[in-house]
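Note that ligands are numbered from 1 as they come in the structure, with each ligand's atoms numbered from 1 the same way. In what follows, every heavy atom counts, from backbone to side chain, and hydrogens, waters and symmetry copies are set aside. Since the model is a prediction, treat every value here as computed from it, not as a measurement.
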Amino acid sequence: MASPERFRAFRLHQDAPGAPVAGRFVTQAHDELPPGELLVRVAYTSINYKDALAAAGLNQIVRQYPRTGGIDFSGRVEHSSDPRFAPGDAVVVHGFGVGVDHDGGHAEFARVRADWALALPEGLTLLEAATLGAAGYTAALCVHWMEHNGLAPGGLPVVVTGATGGVASVAIDILAGRGHEVVAVSGKGDADGYLRALGAATVLDTSVAVPSGRPLDKGQWAGAVDSVGGEMLAWLLRSAAPDAVLTSLGNAGGAELHTTVLPLILRGVRLIGINANSPMALRRTVWARLAGDLRPRHLARIARMTAFDQLPEAMARMRERATRGRLVVAMA
Ligand SMILES: NC(=O)c1ccc[n+]([C@@H]2O[C@H](COP(=O)([O-])OP(=O)(O)OC[C@H]3O[C@@H](n4cnc5c(N)ncnc54)[C@H](OP(=O)(O)O)[C@@H]3O)[C@@H](O)[C@H]2O)c1
């Protein structure tokens with residue numbers, strides 16, 4: 001491991017405007033980190049879809065280079081100039097532009113604003129917090145808002161799309177643990193065993209989401225967690241049961257949405273947009289639930305431990321849709 005003064009980071013570079021973005025491992029000094037009240041020794045970070053896209057310069061996620069990616073991490077405070085935190089405190093950090101506009105967790109140390117750090121909720125380890133990360137928080141936020149809008153176990157199934165992905169894997173685990181019947185939709189032909197082990201009752205292939213030519217299909221779902229968007233979300237809207245609550249959180253399959261208002265006005269379907277970059281008060285509530293009543297039961301199965309040195313290859317595999325679960329990187 002690097003000395004406390006110098007540490008390893010995976011930095012994204014773009015040598016000229018419009019040139020390809022390339023990542024490389026570098027050694028940095030603490031005084032090269034951006035400003036912030038907390039210096040954190042990163043224990044675990046992860047790879048989210050957004051990290052994988054950013055590392056390839058896609059979707060204009062990062063606009064200023066060089067940049068250390070990694071939109072989430074857990075670790076211990078090494079130094080604090082804010083009275084709310086002391087050295088040794090365990091924290092989890094995601095959002096607020098970390099890993100995008102501000103250097104993130106793909107490094108042995110990170111410096112962040114104290115306002116962005118959440119004290120690790122009691123009952124979660126640093127590894128569990130990073131396995132959850134931004135993805136687990138997003139999954140829990142979907143369940144939180146669906147239940148707030150009336151979703152209750154015992155009714156029609158809840159459908160989870162992009163099912164082997166990080167957000168979706170955690171969502172399946174949480175929903176099944178709450179007693180919901182979960183239908184998983186995946187494009188991976190060999191994912192049945194993994195998805196059933198997380199609690200999915202049924203696994204469907206993504207070919208279910210082809211356009212039907214009708215504004216409404218048979219209403220089948222009480223809720224949905226959609227990572228995919230595009231045709232998938234249009235299908236979810238058409239096939240949602242009366243008063244269903246759908247959450248839209250991702251666009252892995254496309255950002256466009258071609259649909260009609262009929263599911264909304266004839267069936268009272270509620271479509272809720274999810275943005276995980278929530279205010280801190282909501283984060284505290286939802287993270288406390290992740291450590292409590294929404295705690296996933298299969299985090300160890302969802303975590304795929306990935307060596308820091310393998311970061312570029314793992315991000316490439318994620319862009320090729322060849323990963324499943326949460327890719328967790330141990331830094332210590
Ligand atoms: N709104 C927010 O605040 C928020 C927070 C976190 C993530 N997100 C977004 O949510 C999505 C999922 O994130 P993640 O970190 O869970 O990603 P991930 O681990 O890569 O999972 C995405 C899953 O979507 C499916 N997929 C991938 N490419 C696809 C394609 N071209 N067409 C259809 N399905 C495809 C795959 O599942 P199968 O192979 O099983 O079908 C894949 O495992 C991303 O779009 C991400 O940017 C948004």
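- At least one cation-pi condition fails for Arg301 and Tyr194: the charged atom is not both under 6.0 angstrom from the six-membered ring centre and inside a 45 degree cone around its axis.
- Annotation for Arg238 and Val210: closest pair NH2-O, 3.2 Å, computed over non-hydrogen atoms.
- Judged by distance alone, the side chain of Gln310 and the main-chain N or O of Ala307 form no donor-acceptor pair under 3.5 Å.
- The residues Asp190 and Arg324 are annotated as salt-bridged, a charged nitrogen and a carboxylate oxygen being separated by less than 4.0 angstrom.
- Residues Pro312 and Phe10 meet the side-chain proximity criterion, which asks for heavy atoms closer than 4.5 Å.
- Every pair tested for ring-ring contact (aromatic ring centres under 6.0 Å, His included) that includes a residue from residues 55-91 fails, sequence neighbours excluded, so the list is empty.
- Near ligand 1, heavy-atom contacts under 4.0 Å come from Tyr49, Thr138, Gly162, Ala163, Thr164, Gly165, Gly166, Val167, Ser186, Gly187, Lys188, Ser227, Val228, Leu249, Gly250, Asn251, Ala252, Gly253, Ile274, Asn275, Ala276, Met318, Arg321.
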